[in-house]
Each structure stands twice: as C-alpha cells, then as structure tokens.
Amino acid sequence: MASYETQTVERTDAIRADAFDMRHTFESGQPLTFHADYSEDGFSRNLAYSTGIGRISVSSSGNILHISHSGRYSRATARVEVIKRMGLNDDMERIYEGMNTDPFMDSAIRNFKGMRITENDSWETTMCFILSQFNNIKRIRLITRRMIERFGQPYSDGGTIISMFPSAEAVAGASIGDINACGTGFRGKYLKSAAKVCSENLDLKKLYGMDYASAKEALMELDGVGDKVADCILLFGYHKTEAFPIDTWIKRIIETVYFKGRNKSIKELHKFAERRWQPELLGYVQQYLFWNGRSLKVGT
DNA sequence: ACCCAGGCGGGCG
DNA sequence: CGCCCGCATGGG
C-alpha cells in the first residue's frame with residue numbers, strides 16, 4: 001500500500017502543440033468528452049482511463065499543452081498517450097491543404113482551426129456511438145455518465161475515488177432493467193447484445209490491424225452498429241481517417257452546399273466525398289463539415 | 001403541449 | 001436493393 005501511494009504522486013510535463021485547439025477538440029462531440037472529469041479552468045480536462053493504469057489531465061495555454069499524470073503512468077508513457085489520444089501526430093498543414101477545396105471548407109478550417117480527431121478506447125467508442133443513434137449529443141453524455149456511475153469500476157486516484165468507463169464485461173453482465181435505468185431507451189438491448197459479443201467473441205483490439213473495409217464489416221456485425229455508427233467507431237476509436245460518417249447533419253450540409261439542396265442517398269454522398277477528397281482526409285473533412293455546418297445552421 | 005435528436009433493425013414491394 | 005416505419009427519453 002505504501003508503495004502504491006508513492007506512485008500516485010502528481011507529475012507534470014508540457015509539450016508544444018501547434019495547430020491544436022483544445023476547446024474545439026474536446027467540444028466536438030468525440031467520446032473522450034463523454035467520460036472526462038470535466039473542469040472549466042481556462043481549459044482543462046481529466047482523462048479517466050478505463051485501463052486503471054492511472055489518470056492523465058491535460059490543459060492548454062497558447063500552443064503549450066500541459067500534462068499532469070498520476071498512478072502508474074511514466075512520464076514518457078503519459079506523453080505518448082496524450083499525443084496519440086489528441087491526434088497530435090496528424091500533419092494539419094497537409095490535411096488543411098488537401099481539405100480546402102472550396103469556400104465552405106475554407107471557412108470551416110478558419111472557424112475550427114486546431115480541431116483534431118481524437119483516438120479513444122475502442123469499446124468506449126463503440127458504446128458511446130451505439131447510444132448515439134436517434135439521439136442528441138447532450139443526452140448521449142447524460143446516459144454515458146449514468147452508465148459510468150452505475151457500472152464503472154472504482155479507481156482510487158490518490159484517495160479520490162473516480163468511476164472508470166464500464167467494461168464490455170460489466171455491461172454484458174448487467175440486467176436489461178439496470179441498463180434501461182440509465183435512460184438508454186430502445187438502445188439498451190443493442191448495447192447489452194454488443195457488450196456480450198465484445199466480451200466473448202469479438203476482440204475489438206484486433207481491428208487495429210485490419211484495413212478500414214474489413215474492420216467496418218466486423219463492427220457492423222454488432223447489434224446497433226450500422227454504416228454511420230461503424231464509421232464513427234473507426235474514426236474516433238481507431239483513428240481510421242478514411243471513415244466518413246454520414247448523419248442527418250452531414251447529409252443536409254452536403255446537399256445544401258454542393259447539390260443546391262437536392263436530395264441525395266447516403267451511397268451517393270459517400271461517392272461524392274470519395275471523389276472530392278483524398279481517402280485519408282475524409283474523417284477530418286467530415287468533422288469540419290459537421291461543426292461548421294452545425295454552427296452556421298446550414299440547411300435548417 | 002409539441003417537436004426533435006450525430007440511425008438502426010425489421011418488414012415490405 | 002430501396003423505402004418506410006417505429007422507437008424511449010430528455011431538453012428546448
């Protein structure tokens with residue numbers, strides 16, 4: 001116990017991060033916000049990991065990203081983890097250059113400069129986006145918090161008990177009544193089914209080594225995971241930036257901006273995006289289209 | 001009160 | 001294939 005306590009000492013680090021806007025990144029509806037222990041102090045977040053390894057908090061000022069970590073994270077590991085999770089390995093100059101095909105994309109880049117695609121735990125992302133269908137972002141967060149409180153394993157962060165993100169095993173073992181009590185609605189049965197598969201038959205970690213198309217096919221075997229949700233999981237859980245999730249917003253925005261408001265099928269929209277932008281940029285294109293279009297209420 | 005939300009599964013022609 | 005429908009719940 002004594003040695004455990006000494007390992008919970010807070011350590012700090014800082015890295016330079018150009019073209020990184022923490023507010024845009026954290027508020028862009030990606031799952032890391034759903035379980036973050038959230039404090040509005042300048043701008044900082046605690047990332048409570050489902051691994052139980054420890055906690056990493058990040059805050060930003062200018063182009064400096066401050067890291068503070070405890071538990072069994074070494075300084076080097078924490079640093080690598082933050083860089084990976086914040087998408088800091090992505091070359092934004094090159095990405096912006098490829099994305100910027102027209103005035104709307106140009107304004108999206110100007111309005112949301114520094115917004116990164118984050119990389120989140122695969123099960124956590126899967127669960128969050130199963131909950132996302134026919135739902136809104138605020139309520140997805142509400143449900144997720146309740147799931148964390150009810151099913152998350154406790155973790156002691158230097159004496160402060162936090163609840164980790166519930167594992168697939170924990171959700172699979174929960175009764176449908178307890179799951180529904182979190183406000184999941186009709187998605188509860190999908191979630192339980194998917195959790196069971198993910199804890200018994202499908203190793204989500206295996207998808208990291210698979211190409212985009214194969215990984216998508218595997219994910220779509222899960223209950224409650226269709227074309228759009230699979231693309232979200234691949235983008236935000238696996239950082240497969242070929243994924244181009246098309247939701248009601250993206251559909252409306254592309255139809256309005258690029259097709260004079262004419263109705264297009266999801267398939268046609270995928271085809272349009274694939275012809276217009278390089279494959280590895282599609283995830284970023286989608287994220288910028290979505291947030292710029294939403295903030296400008298395009299098509300509404 | 002009423003409307004809608006980062007879709008999906010199931011059933012139909 | 002494409003199309004249509006129902007769906008639980010909480011916030012505006």
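What you see is a predicted model; the values in this text were computed from it and never measured. Values reported hereafter were calculated over all heavy atoms of this structure, with side chains retained and with hydrogens, waters and symmetry mates removed. Order of the sequence lines sets the chain letters (A, B, ...), proteins ahead of strands, with each chain counted from 1.
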Exercise for review: Let me know the distance between CG of Leu269(A) and C1' of dG2(C), rounded to the nearest Å.
Suggested key: 15 Å
**Study point:** Nearest to side-chain heavy atoms of Lys267(A), which nucleotide of dA8(C), dG7(B), dG2(C)
**Key:** dG2(C)
Point to revise | Contact check, side chains of Ser28(A) and Gln287(A), non-hydrogen atoms, under 4.5 Å | key: yes
Point to revise | Value in whole Å for how far the C1' atom of dG10(C) lies from CZ of Arg187(A) | key: 10 Å
Check your understanding: With the threshold set at 4.0 Å, does a side-chain nitrogen-carboxylate oxygen contact exist between Asp247(A) and Lys251(A)?
Key -> no
Exercise for review: Starting at atom CZ of Arg141(A), determine the distance to atom P of dA5(B), rounded to an integer number of angstrom.
Suggested key: 17 Å
Practice item. For nucleotides dC3(B) and dG6(C), find the distance between their P atoms and express it as a whole number of Å. Key: 15 Å
Review point. Which part of the nucleic acid does Leu131(A) contact within heavy-atom distance under 4.0 Å: base, sugar-phosphate only, or nothing?
Key: nothing
Review point. For Asn135(A) and dC7(C), what is the distance between atoms CG and P respectively, to the nearest whole Å?
Key: 16 Å
**Study point:** Face-to-face stacking of Phe186(A) with dA8(C), centres under 5.5 angstrom, angle under 30°
**Key:** no
Check your understanding: Using a cut-off of 4.0 Å on non-hydrogen atoms, how would the nucleic acid contact of Lys251(A) be classed: base, sugar-phosphate, or nothing?
Key -> nothing
Exercise for review: Using the P atom on both, measure dG11(B) against dA8(C) and round to a whole Å.
Suggested key: 15 Å
Study note, to complete from the structure: When rounded to whole Å, the CG to P distance for the pair Leu142(A) and dG10(C) reads 7 Å
**Study point:** Whole-Å C1' distance, dC7(C) and dC4(B)
**Key:** 13 Å
**Study point:** Atom-pair distance (CD1 on Ile130(A); P on dA8(C)), nearest Å
**Key:** 16 Å
Practice item. Please give the nucleotide sitting opposite dG6(B) as a Watson-Crick or G-U wobble pair, both distances under 3.5 Å, or none. Key: none
Review point. Within the pair Lys189(A) and dC8(B), is there a side-chain N or O less than 4.0 Å away from OP1 or OP2?
Key: no
Exercise for review: Walk me through it: do Glu149(A) and Arg145(A) pass the test salt bridge (charged side-chain N to carboxylate O under 4.0 Å, His left out)?
Suggested key: CA-CA 6 Å; Glu149(A) 284 167 27; Arg145(A) 286 206 188 93; over 6 Å; no
Check your understanding: Looking at side-chain heavy atoms only, is the closest gap between Leu269(A) and Phe244(A) below 4.5 Å?
Key -> no
Review point. Which nucleotide in the set dG6(B), dT9(C), dA5(B) lies at the smallest distance from any side-chain heavy atom of Ser132(A)?
Key: dG6(B)
**Study point:** Min side-chain heavy-atom separation Lys113(A)-Asp21(A) under 4.5 Å
**Key:** no
Revision key, fill the gap. Assign each of Met220(A) and Trp249(A) the nucleotide of DNA chain B bearing its closest heavy atom; nearer the 5' end lies the nucleotide of Trp249(A)
Point to revise | Glu217(A) atom CD, over 12 foreign heavy atoms within 6.0 Å | key: no
Practice item. May I ask you to test the Leu289(A)-Gln286(A) pair for a side-chain heavy-atom distance under 4.5 Å? Key: no
Study note, to complete from the structure: note: Lys192(A), atom NZ; dG9(B), atom P; distance rounded to Å ~ 18 Å
Revision key, fill the gap. Looking only at dT9(C), dG11(C), dG7(B), the nucleotide nearest the Lys138(A) side chain is dG11(C)
Review point. Taking the six-membered ring where the residue is Trp, are the ring centres of Phe259(A) and Phe272(A) under 6.0 Å apart?
Key: yes
Practice item. Round to the nearest Å and state the distance from Arg139(A) atom CZ to dC7(C) atom P. Key: 15 Å
Exercise for review: Hey, which sits more toward the 5' end of DNA chain B by its nearest nucleotide, Asp227(A) or Arg252(A)?
Suggested key: Arg252(A)
**Study point:** Under-4.0 Å side-chain N/O to phosphate OP1/OP2 contact, Thr248(A) with dG7(B)
**Key:** yes
**Study point:** Option passing side chain to side chain contact (heavy atoms under 4.5 Å, CB included) with Ile140(A) (candidates Thr144(A), Leu142(A), Ile143(A))
**Key:** Thr144(A)
Practice item. Could you check Ser265(A) against Tyr190(A) and say which one's nearest nucleotide on DNA chain C is further toward the 5' end? Key: Ser265(A)
Check your understanding: Looking at DNA chain B, which of residues 290-300 of chain A put a heavy atom within less than 4.0 Å of it?
Key -> Phe290(A), Trp291(A), Arg294(A)
Review point. Taking only side-chain nitrogens and oxygens of Arg146(A), does any of them come within less than 4.0 Å of OP1 or OP2 of dG10(C)?
Key: yes
Review point. For Phe134(A) and dC7(C), are the ring centres under 5.5 Å apart with planes inclined under 30°?
Key: yes
